[in-house]
Amino acid sequence: MRAVEVRRRTPQGKILEDETLPAILRHIYACRGIQDRDELGLGAQQLVHFKQLTDCEKAAARIGQAILNRECICICGDFDADGATSVTLLMDALAQCGAQRLFYLVPNRFTDGYGLSPGLVELAAHDGANLIITVDNGISSHAGIQRANELGVEVIVTDHHLPSAELPNAHSIVNPNRRDCPFPSKQLAGVGVAFYVLLALRAWFRAHEASHPAASINVAQWLDLVAVGTVADVVPLDQNNRILVQQGLARIRQRQCRPGILALLEVAGREPEALQAQDLGFTVGPRINAAGRLDDIQLGIECLRAKTLEQAKMMALRLDELNRERRSIEHGMQQDAERFLASFQVEQDTLPPVLAVHQADWHQGVIGILAGRLKEQLHRPVMVFAQGDAGLLKGSCRSVPGVHIRDLLEQVSSRAPECIERFGGHAMAAGLSVPQTQWGRFCEVLQDVAMTWVSPDVLHQVIWTDGALEGKYLNVDTAKILQNAGPFGQGFPAPTFDGHFRVLDARWLKETHLKFRLQPVGTSEVIDGIAFFANRAPWEWREQTEVHIVYRLEVNEFRGQQSAQLLIESLR
């Protein structure tokens, strides 16, 4: 069995001295590196200014001129939730700004591949586009942008993926990860970058056409989309992203949001008023993503663009069906992968540092999720491949802290250029295409690079907690304080604790989830706990069994009654 070490975060920073905050919050914030109250501010006025984002004003000026000149604008998006929210944001916002000739194109995952390809450019030009704006893609679309230049179509790139050494020859490139960009919040999602361009566009109109309707638009109305795309894309929640998410979340809780978001929450059985940031990643995001994974992301975009709740509900139901189908496909692929691993009698010390697996009948749209599941299970970078077109294998990668997966792929590509046709992504996630004839060579070079790139320490899994929580704090009031201390997410984790408990009772719910009655050792308090999708390990649950639990303290609502509950993340 894979060893997992539990370590406790060390609180540090001046925030510990701020007695205007409850002690537990001072501890939580200090464990996340917060130094003072200024870093906790989540007002829109505290956002980093768009002037610090390279080319943002240049892009806004070109878009403003296109609107005034009634040019035809094409938005080119990506086939995931970040791309869908980005497309929706610019389509709706530019229309409100007065764009009269406006349409969008999104490549099909299965037939077109990722990004602004030459074929997509030709389609946009055929449909009359004078200007193409990419959202959540474009930084690696050298060939597509070159084709656009040949056709006399200007391209504005808005993206957040990591650039290669040479930038494409676009009119302007708005990407906080450009090497020459001083923007301090490098973690913006694609929809966040699009939102910043919108801020700059409004400012351009105020400076040049103050009487134009675009000079007075309320940009806050699109923050619900920014929150969904940011959380769904699992980007780190630095202060700037926490502001964007918190502001958007507040609008959703007040139902001042897209009807499509309300419809997706309804089919997921979630009440907007009680929504937490993490919930967006488990409800709205997966249902939008399901369209791009199994069908066409246009369904997700049109759901988000729906003007009425009635229109949105029809599409939300279809998205929910696709998400159920996705889960079924994923379950089958997970079983295949587990059989694959079992056939090698996998032990932690015999696994390669980077696992690459391929099966011809795996679904292209779900390999990313499977890679994520295996990464969590095995705690090492994982690459999962499915059969693509034209003799290519399409791969999706998920990594662990300490292994920059895109840079690792770049190293593989530099050593053996014939092994990778194209690749791109982030530190923790990437995609690539490998010629099927080069699969063996790719795996060989990958492991050679991994042996020097992946330290054994990185493969040692550590669960970090905020320490022990005294029994007197295991109540609804504390749970609510913690719940309202966010938003929490990637890079700013939800409060997690660990401690020793006696098991008073344990039973299975629907043969899937494990429900406990627990008593903190040394106290008389009793509290419920639940482990969702628990592994049926050979535990012999007897009264007074003592266990060490890593958990989150949450509010459980049942039949109108609230109680404290431990959401169990690890149990030993």
* CZ (F282) with more than 12 external heavy atoms under 6.0 Å -> no
* Report yes or no: does H426 contribute a side-chain atom to a donor-acceptor pair with the main-chain N or O of M428 at less than 3.5 Å? => no
* Asked: Has the side chain of D82 got a donor or acceptor atom that lies under 3.5 Å from a matching backbone atom of G190?
  -> yes
* Structure fact -> To the nearest 0.5 Å, atom CG of L264 lies from atom CZ of R258 at 13.0 Å
* To do: Dump the intermediate steps for side-chain contact (heavy atoms from CB on, under 4.5 Å) on Y196 and V48, then the final yes or no.
  => CA-CA 10 Å; Y196 263 82; V48 178; 3.9 Å; yes
* To do: Nearest 0.5 Å please: distance from the CZ atom of R318 over to the CG atom of L299.
  => 7.5 Å
* With distance as the sole test, does T134 use its side chain to make a donor-acceptor pair with the main-chain N or O of T158 at under 3.5 Å? -> yes
* **Closest approach of A200 to F50 (non-hydrogen atoms, all atoms of both residues)** => CB-CD1, 3.6 Å
* Give a yes or no answer on whether the side chain of K186 reaches the backbone of N177 with a donor-acceptor pair at less than 3.5 Å. => no
* How about H161 and R406: do any of their side-chain heavy atoms sit closer than 4.5 Å? -> no
* To do: Count the heavy atoms belonging to other residues, nucleotides or ligands that lie under 6.0 Å from NE2 of H513, then report whether that count exceeds 12.
  => yes
* Asked: Side chains of T308 and P259: does their closest heavy-atom pair fall under 4.5 Å?
  -> no
* To do: Mark yes or no for whether R293, through its side chain, and G368, through its backbone, hold a donor-acceptor pair below 3.5 Å.
  => no
* To do: Give a yes or no on whether the backbone of E71 and the side-chain of N69 come within a donor-acceptor separation of less than 3.5 Å.
  => no
* Atom CD of Q335 with >12 non-hydrogen neighbours under 6.0 angstrom -> yes
* Starting at NE2 of H171, measure out to CD1 of I132 and round the result to the nearest 0.5 Å. => 13.5 Å
* The single option from V357, L432, L392 passing side chain to side chain contact (heavy atoms under 4.5 Å, CB included) against F385 -> L432
* After noting the C-alpha distance and the side-chain angles of Q359 and D361, does the key distance pass the side chain to side chain donor-acceptor pair (under 3.5 Å) rule? -> CA-CA 6 Å; Q359 188 161 306; D361 61 351; 2.9 Å; yes
* Structure fact -> Heavy-atom closest pair (A371 atom, V382 atom, distance to 0.1 Å) is O-CB, 3.8 Å
* To do: I would like to know whether L409 and C397 meet side-chain contact (heavy atoms from CB on, under 4.5 Å); could you show each step before the answer?
  => CA-CA 10 Å; L409 288 175; C397 317; 4.1 Å; yes
* Structure fact -> Correct closest heavy-atom pair for I73 and I67 would be CD1-CG1, 4.3 Å
* To do: For the residue pair H160 and D136, confirm or rule out a side-chain donor-acceptor distance under 3.5 Å.
  => yes
* Pair E310 + K313, salt bridge at N-O below 4.0 Å -> no
* To do: Taking N130 for its side chain and C72 for its backbone only, find out whether a donor-acceptor pair lies under 3.5 Å.
  => yes
* Taking side chain as C-beta onward, heavy atoms only, is M314 less than 4.5 Å from C303? -> no
* Asked: Any side-chain heavy atom of L237 sitting closer than 4.5 Å to one from F488?
  -> no
* Does a donor on one side chain and an acceptor on the other come within less than 3.5 Å for W362 and D336? -> yes
* Verify the distance criterion only: is there a donor paired with an acceptor across the side chains of Q436 and Q387 at less than 3.5 Å? => yes
* Looking only at heavy atoms, what is the nearest atom pair of N169 and N149, with distance? -> O-ND2, 3.0 Å
* Find the distance between CZ (R380) and NZ (K375) and round it off to the nearest 0.5 Å. => 13.0 Å
* Asked: Do the side chains of V157 and L116 get nearer than 4.5 Å, heavy atoms only?
  -> no
* To do: Taking the side chain as every heavy atom from C-beta outward, state whether L408 and P381 have any pair of such atoms under 4.5 Å apart.
  => no
* Side chain to side chain, L294 and H363, heavy atoms closer than 4.5 Å -> yes
* Asked: Short question: side chain of N241, backbone of Q187 - any donor-acceptor pair under 3.5 Å?
  -> yes
* To do: Take T88 and W222 through the test side-chain contact (heavy atoms from CB on, under 4.5 Å) and record every step on the way to the result.
  => CA-CA 9 Å; T88 303; W222 292 288; over 6 Å; no
* **Full working for salt bridge (charged side-chain N to carboxylate O under 4.0 Å, His left out) between R324 and E321** => CA-CA 5 Å; R324 294 174 190 274; E321 290 175 4; over 6 Å; no
* Asked: Between R253 and L275, is there a donor-acceptor pair closer than 3.5 Å when you use the side chain of the first and the backbone of the second?
  -> yes
* To do: Would you give the length of the straight line joining atom CD1 of I145 to atom CD1 of I173, rounded to the nearest 0.5 angstrom?
  => 6.0 Å
* Are the side chain of N137 and the backbone of C76 linked by a donor-acceptor contact shorter than 3.5 Å? -> yes
* Student check: side-chain heavy atoms of V193 and F183 closer than 4.5 Å -> no
* Can you see which heavy atom on A291 is nearest to which on L322, and at what distance? => CA-CD1, 3.9 Å
* Carefully, step by step, assess Q96 and Q221 under the rule side-chain contact (heavy atoms from CB on, under 4.5 Å). => CA-CA 11 Å; Q96 280 200 31; Q221 64 184 292; 3.0 Å; yes
* Heavy atoms only: give me the nearest Y104-Q298 pair and the separation to one decimal. => OH-CG, 3.1 Å
* Please round to the nearest 0.5 Å and tell me the distance separating atom SG of C97 and atom CZ of F205. => 6.0 Å
* With a cut-off of 6.0 Å (strictly less than), are more than 12 heavy atoms of other residues, nucleotides or ligands near CZ of R70? -> no
